[in-house]
Amino acid sequence: MQIRILFVGDIVGKPGRNTFKSLIDELKREYEPDVVIANVENAADGFGITKKIYDDLSKYVDVLTTGNHVWDKEEIFSWIDDAEKILRPVNMPSEAPGCGFRLLNVKGVDVMVINAIGRIFMNPVDSPFAVLGELIDRYKDVKIKFVDFHAEATSEKQAIGWFLDGKVSAIVGTHTHVQTADERILPKGTAYISDTGMTGCHDGVLGFGYEEALERFIKAIPKRLKVCKTNLKLDGVVIDIDENGRASGIKRISKSFTQAENT
């Protein structure tokens, strides 16, 4: 038996949402995944997620993950506890609303999806190493575990990859929005990639217009970033996992969607 997981990299703004919704059925036909997961912390104008967007995107997926922008839309505090498909990072304080992991039953097998966040160049959170280690030990009978590790530093991502090798089935990096070419199966059977990339505009700076980004860098003047709309692509990975929780394959995907460029 094999479980196939399709993971979609950070969906950025309306262009990213349109790209995702336009391509997801095609990707499901092509790869026939058993589980679909997408990161949505940038889904609402690039910052956070609303209930309306959650309701819209959740129709296409099994789990939605987030990251450091999870709380950017204040309304989320009123609905996240009742939203069964969305995760906030598990190593945020336990007093925070929402949940950091979900258990799915796929083909009669338990599959755990975990969302965690890094600490380097991020707001203070609990150690992802300690929290993930405890959680994995607590659910040691669940053989298939998938981790979205939302972190800035590649060094921290690689370190947690080695820390989790053989303890989880897959760990994929998100947050930096640039797809890396280091996908592999680690020695003890864990699929790994430093960053899955992003879904949205690839003609700007991490999904946002380059004009505003340049002004911030060159003049050091605060400038609100606006989501850009051209060169739209969906980035992600497809991962195959056997019944023992060992990954047997990981494949990068990057699919263009030209029809949505002006939406």
Salt bridge flag under 4.0 Å for residues Arg4 and Asp34: no

Heavy-atom pair with the smallest gap, counting every atom of Asn115 and Gly67: OD1-N, 4.4 Å

Between the side chain of Ser256 and the main-chain N/O of Lys233, is any donor-acceptor distance below 3.5 Å? no

Roughly how far, to the nearest 0.5 Å, is the CE atom of Met92 from the CH2 atom of Trp71? 6.0 Å

Pairs involving residues 154-166, ordered by first then second residue, that meet salt bridge (charged side-chain N to carboxylate O under 4.0 Å, His left out) (sequence neighbours left out): Lys157-Asp195

Would you tell me whether Asp182 and Ser194 have side-chain atoms, one donor and one acceptor, within less than 3.5 Å of each other? yes

Scanning both residues in full, the closest heavy-atom pair of Ile239 with Ala247 reads CG2-CB, 4.5 Å

Residues Asp55, Lys51; criterion salt bridge (Lys or Arg N to Asp or Glu O under 4.0 Å); working and verdict: CA-CA 6 Å; Asp55 288 340; Lys51 180 64 161 58; 2.9 Å; yes

Please check if the side chain of Thr190 supplies one atom and the backbone of Leu186 the other of a donor-acceptor pair under 3.5 Å. no

Aromatic ring proximity Tyr192/Phe149, centre distance under 6.0 Å: no

Donor-acceptor pair, side chain of Gln179 and main chain of Thr196, under 3.5 angstrom: yes

Under a 3.5 Å threshold, yes or no: a donor from one side chain and an acceptor from the other, between Asp235 and Ser254? yes

For the pair Arg17 and Asp56, find out whether any cationic side-chain nitrogen is under 4.0 Å from an anionic carboxylate oxygen. no

Quick one: do Ile114 and Leu135 satisfy side chain to side chain contact (heavy atoms under 4.5 Å, CB included)? Show the steps, please. CA-CA 9 Å; Ile114 308 168; Leu135 181 66; 3.8 Å; yes

Could you check whether any side-chain N or O of Tyr210 sits under 3.5 Å from a backbone N or O of Asp203, counting only pairs where one atom can act as donor and the other as acceptor? no

